[in-house]
Amino acid sequence: MKNPLPVTRSELAECNGRNGKSAWVAVDGIVYDVTKLFLWKKGRHWAMHDAGGDLTEDLQSAPHGADLLKRAEIVGRLVD
Amino acid sequence: MAKVAREVVEKAGVNVDQLLELLVMNASAELTTYYYYTILRVNLIGLEGEGLKEIAETARIEDRNHFEALVPRIYELGGKLPECMKDFHDLSACPPARLPGNPSDVKGMLTVLVEAERCAVRGYTEICNLTAGKDHRTYDLALGILNEEIEHESWFSEFLGEGPSGHFMRRGETSPFVGKFLK
């Protein structure tokens, strides 16, 4: 994506994957739409991680890298 | 439920409900992979497929063993399995494996397998990280399963031309790491 749209933290928090909402997560300033990924059903990943937030720190201790996010669509960049 | 066994794990700082959710999700992944290996047995045909049957059968039995070894620990900690198979299937920790559209596509079948094994390796690594030094019994079990899942991944990765596994096939009994939980 050449010019990713700005996404605020409150807009990100809205997309928590619950009640039919999209599931978005941010990592390293990039916002990804993980709604269609099997491992993010209902906005939850492996019982420990919730959509709607910045997961940059969580990813540091995860058993995988950001490369798995290539499966998700980029929706924008996180802005404060 | 093993009341004290749960208490000591909680006291050590583990979120037991979260851990139970992970254990159930991974038990589901094992059973769905066992199903995939079962349909592989009848779909790995021809010269190429026949050569993979034996090793696929070993992995099939070992994934079933993982499921069977996980179930008692889930109940010891006060958890339970869903009341129907469909609910259980739908909460799998890994995307359920599916045969490729072309039934003679052995490479496609192996690619699905490697993805499933890699997901399992990540999942048990996470459980080991959560329980290390805190929940010795779950850690021991997850580590045993992790050892076998890593071997499965490397076997099938070798067949896909990603490099040698460094292993020989099983000789004799299956589940050398998890077997003690099945006695």
Side-chain angles (χ1 to χ4, degrees), chain A residues 1 7 9-10 12-76 78, chain B residues 13-29 32-33 36 70 74 77 79 82 86-98 111-112 114-132 135 138-139 142-143 145-147 149-150 153:
Chain A
M1 182 180 276
V7 177
R9 286 183 190 272
S10 61
L12 175 63
E14 273 293 303
C15 295
N16 57 18
R18 288 177 226 135
N19 303 317
K21 290 178 184 169
S22 294
W24 293 0
V25 298
V27 171
D28 293 330
I30 306 291
V31 179
Y32 299 87
D33 184 346
V34 294
T35 313
K36 291 179 185 167
L37 300 188
F38 181 89
L39 294 177
W40 275 99
K41 280 197 292 193
K42 295 179 184 169
R44 205 137 182 260
H45 177 58
W46 274 357
M48 290 183 294
H49 310 288
D50 293 315
D54 186 344
L55 301 185
T56 306
E57 270 188 39
D58 289 31
L59 194 60
Q60 304 299 316
S61 56
H64 63 77
D67 53 313
L68 287 192
L69 283 166
K70 286 179 187 162
R71 299 170 185 185
E73 195 179 324
I74 294 175
V75 291
L78 188 62
Chain B
V14 174
N15 178 335
V16 176
D17 290 333
Q18 195 177 64
L19 174 63
L20 278 167
E21 205 176 328
L22 278 175
L23 292 175
V24 172
M25 288 167 64
N26 280 280
S28 167
T32 54
T33 313
Y36 182 70
L70 284 163
I74 290 166
L77 290 171
K86 186 178 182 309
D87 291 348
F88 187 48
H89 166 276
D90 289 349
L91 48 79
S92 171
C94 299
R98 169 184 287 270
T111 302
V112 171
V114 167
E115 281 300 311
E117 299 296 352
R118 286 181 174 151
C119 180
V121 168
R122 292 188 193 104
Y124 291 107
T125 298
E126 189 84 301
I127 294 174
C128 284
N129 290 344
L130 282 173
T131 55
D135 174 356
T138 305
Y139 176 80
L143 184 62
I145 298 175
L146 177 62
N147 273 290
E149 297 291 11
I150 288 171
E153 183 205 358

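- In terms of heavy-atom proximity, A:Ser61 sits nearest to B:Asn129 at O-ND2, 4.5 Å.
- Rounding to the nearest 0.5 Å gives a distance of 4.5 Å between CD of B:Glu21 and CZ of A:Arg44.
- For chain B, no part of A:Leu37 is nearby; none of its heavy atoms comes within less than 4.5 Å.
- Note that CH2 of A:Trp46 is 8.5 Å distant from CD1 of B:Ile127, once rounded to the nearest 0.5 Å.
- In terms of heavy-atom proximity, B:Ala93 sits nearest to A:Leu39 at O-CD2, 2.7 Å.
- To the nearest 0.5 Å, the span separating CG on B:Asp90 from NZ on A:Lys41 amounts to 5.0 Å.
- Contact annotation for B:Leu19: neither backbone nor side-chain heavy atoms come within less than 4.5 Å of a heavy atom of chain A.
- No more than 12 heavy-atom neighbours from other residues, nucleotides or ligands sit within 6.0 angstrom of CG on A:Asn19.
- With rounding to the nearest 0.5 angstrom, the CE atom of A:Met48 is 5.0 Å from the CG atom of B:Leu22.
- A distance of 9.0 Å separates SG of B:Cys119 from NE2 of A:His64, quoted to the nearest 0.5 Å.
- At a 4.5 Å heavy-atom cutoff, B:Asp17 makes no contact with chain A through either its backbone or its side chain.
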